There are 2 protein chains.
Amino acid sequence: MKRPELSVAVDLVVFTVRAHTLEVLLVRRGIQPYRGQWALPGGFVTTQESLEAAARRELAEETGLKGVYIEQLYTWGEPKRDPRGRVVTVAYLALVPAARARVKAGSDAAHAAFQPARQPPRLAFDHAVIVARAVERLGTKAEYSTLPLHLLKEPFTLSEVQEVYEVLLGRDLDKRNFRRKILALDALEETDVMRRDGAHRPARTFRLSASRPYLLKERGILFPF
Amino acid sequence: MKRPELSVAVDLVVFTVRAHTLEVLLVRRGIQPYRGQWALPGGFVTTQESLEAAARRELAEETGLKGVYIEQLYTWGEPKRDPRGRVVTVAYLALVPAARARVKAGSDAAHAAFQPARQPPRLAFDHAVIVARAVERLGTKAEYSTLPLHLLKEPFTLSEVQEVYEVLLGRDLDKRNFRRKILALDALEETDVMRRDGAHRPARTFRLSASRPYLLKERGILFPF
DNA sequence: CCAAAAGTGTTGGCGTTACACCCATGG
DNA sequence: CCATGGGTGTAACGCCAACACTTTTGG
């Protein structure tokens, strides 16, 4: 049995929501091919680490962040997607709170930046396709899960929760209905600290409940009977 | 930049529904490691083919089938998942109609067979994990899509459609409600042939409608407002 | 006292579930 | 004529969408 050897890479689609916009982390390529163009952060998988470990390593190298939400997105492996040779890339989707979304100190200022995810600049390789798919996936999950909560730093207010859902869904939501629904999921737990912001009433704050720490799956809509 | 070379494989989870049971195609390994144990069909990706092409090639080699529904499932790449060395495998999920689900002629009778997908025999490598995830994914998609229709050979009857949904969802469905809903999706188109089976009234038959040929996504349930 | 965001309930409409009998055929 | 699966309608209920004003604070 033949076992051709290929290169395996991971690429990261790191999202954050800032100023009512969905943003993605991009890096400027310093080497050929596509030198000077924007691309997704990523790199080759070493022989001793798992795929997710490689993705987390790359994420830490660019942002210094650890312990954020990460999930595998899709694997691309067209023979000619990389002009250097055959590279199969496993793409990961990561969510980071805007308050933590800083490019790593010490990097060149022009080296990496968060940019609009829905109208990104011209990207290297097939990265535009990867970003588009990640945006679609995140939007879908916003419809039926609490995944978007990972875009917020705890503790957060209900208005902040509503903002991220509105950005991901691309439409405005009714405040009263939204609050009733998100609280009914029993995925949030109230903290005892209030957020004092400006010249207005302070807001209650919440964190992910310990019993429902992560994503929440609900029944589908086609056959609920 | 270092570019370690790894082996990349594809593995196939080929489902069919027969006798009110979800079944998966397994092959008996003829070589070490895990010689004699059941495993998923699959093989290494050659340097010139895409991942999906490799998956379709393996599927054709085992079953002779072409043009069936196939989608990428997930990629596994733990360093020690294969004792021979570092192998990253991209798993694909395929759906074949029971009427076409034959192991390729000329194969050893004991070489490959469809077996219960929810209680499979002991499997080689991490294939039990892969099968479990595929079963879960198929069940989820049955909740909100018409994907299960690809488990049927056209033309099919509404009773056959209901049967595959019941098997995937693991519960019985109400006949009148089911028919109203599945027809309301506008994904089926009636043919002019009737199915005459036995000592009972003949059934109307349907095929996937040309305008809704494939999977159908519906709105989520969390924020439909 | 004014601006700004937080917080809070009710009702009408629609979609979903529950449910039982007649039809067409082959033997 | 009987057994077998195919085919069909309605009514009660529950859930969801729509909708506007009061509260609390800072300046």
Side-chain angles (χ1 to χ4, degrees), chain A residues 17 19-20 98 142-145 152 154-167 169-186 188-207 216 218-225, chain B residues 17 19-20 98 142-145 152 154-167 169-186 188-207 216 218-225:
Chain A
V17 169
H20 227 264
E143 296 274 357
Y144 67 93
S145 82
L152 293 169
E154 296 180 333
F156 44 76
T157 69
L158 294 178
S159 294
E160 290 169 340
V161 176
Q162 184 169 345
E163 189 204 343
V164 298
Y165 273 95
E166 287 179 338
V167 170
L169 297 176
R171 64 182 192 274
D172 288 348
L173 303 171
D174 178 87
K175 182 161 62 162
R176 278 169 294 187
N177 290 338
F178 179 83
R179 288 173 180 225
R180 194 181 318 116
K181 244 181 199 185
I182 200 82
L183 291 174
L185 295 176
D186 208 29
L188 300 184
E189 95 190 1
E190 192 171 354
T191 70
D192 51 5
V193 303
M194 290 274 173
R195 174 79 57 84
R196 301 171 300 103
D197 253 325
H200 56 84
R201 180 169 174 174
R204 299 143 72 194
T205 64
F206 296 82
R207 59 173 156 256
L216 176 96
E218 291 289 320
R219 283 202 309 179
I221 59 157
L222 195 52
F223 302 111
F225 57 89
Chain B
V17 169
H20 228 264
E143 295 273 358
Y144 68 92
S145 81
L152 294 169
E154 296 180 333
F156 44 78
T157 69
L158 293 178
S159 294
E160 289 169 341
V161 176
Q162 184 170 346
E163 190 204 345
V164 299
Y165 272 95
E166 286 178 342
V167 170
L169 296 177
R171 65 182 192 272
D172 288 347
L173 303 172
D174 179 87
K175 181 160 63 161
R176 279 169 293 187
N177 291 337
F178 179 82
R179 290 175 179 222
R180 195 181 316 116
K181 243 180 199 187
I182 200 83
L183 291 174
L185 295 176
D186 207 30
L188 300 183
E189 95 190 1
E190 192 170 354
T191 71
D192 50 6
V193 303
M194 289 275 174
R195 174 81 57 84
R196 299 172 301 102
D197 254 327
H200 55 83
R201 179 170 173 176
R204 298 144 74 196
T205 63
F206 297 81
R207 61 173 154 258
L216 176 98
E218 290 288 319
R219 283 201 309 178
I221 58 156
L222 195 52
F223 302 112
F225 57 89

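In what follows, chains carry the letters A, B, and so on, assigned in the order in which the sequence lines appear, proteins first and then strands, with residues in each chain numbered from 1. Note that the coordinates shown come from a computational prediction; the quantities given were computed from them, not determined experimentally.
A/Arg176 pairs by the side chain to side chain donor-acceptor pair (under 3.5 Å) definition with nothing, not counting sequence neighbours. Take A/Arg196 and apply the side chain to side chain contact (heavy atoms under 4.5 Å, CB included) test, not counting sequence neighbours, and it matches A/Pro202. Applying the side chain to side chain contact (heavy atoms under 4.5 Å, CB included) test to A/Ser159 and every residue at least two apart in sequence or in another chain returns A/Thr157, A/Arg179. With sequence neighbours left out, A/Arg204 forms a side chain to side chain contact (heavy atoms under 4.5 Å, CB included) with A/Glu190, A/Met194, A/Phe206.
Looking only at distances, no side-chain donor or acceptor of A/Glu160 sits under 3.5 Å from a matching main-chain atom of A/Leu152. Using modelled atom types, one side-chain atom of A/Thr191 and one backbone atom of A/Thr205 make a donor-acceptor pair closer than 3.5 Å.
With contacts defined as side-chain heavy-atom distances shorter than 4.5 Å, the pair B/Ile182/B/Tyr165 qualifies.
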Atom pairs under 3.5 Å: protein N/O with N/O of nucleotides 6-9 of chain C:
from  : atom 1 : to       : atom 2 : distance (Å)
C/dA6 : OP1    : A/Ser159 : OG     : 2.7
C/dA6 : OP2    : A/Ser159 : OG     : 2.8
C/dA6 : O3'    : A/Pro202 : O      : 3.4
C/dA6 : N7     : A/Lys175 : NZ     : 3.3
C/dG7 : OP1    : A/Arg204 : N      : 2.7
C/dG7 : OP2    : A/Arg179 : NH1    : 3.2
C/dG7 : N7     : A/Lys175 : NZ     : 2.7
C/dG7 : O6     : A/Lys175 : NZ     : 3.3
C/dG9 : O6     : A/Arg180 : NH2    : 2.9

What protein N or O atoms touch nucleotides 11-14 of chain D N or O atoms at under 3.5 angstrom, if any, and at what distances?
none

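If you take CG of B/Leu173 and P of C/dA18, they are 11 Å apart, rounded to a whole angstrom. Between the P atom of C/dT17 and the CZ atom of B/Phe178 lies a distance of 13 Å, rounded to the nearest Å. Between B/Arg171 atom CZ and C/dA18 atom P the separation is 11 Å, expressed in whole Å. Rounded to whole Å, the distance from CZ on A/Arg196 to C1' on C/dA5 is 15 Å.
Here the shortest heavy-atom pairing between B/Ala98 and B/Val17 reads CB-O, 3.2 Å.
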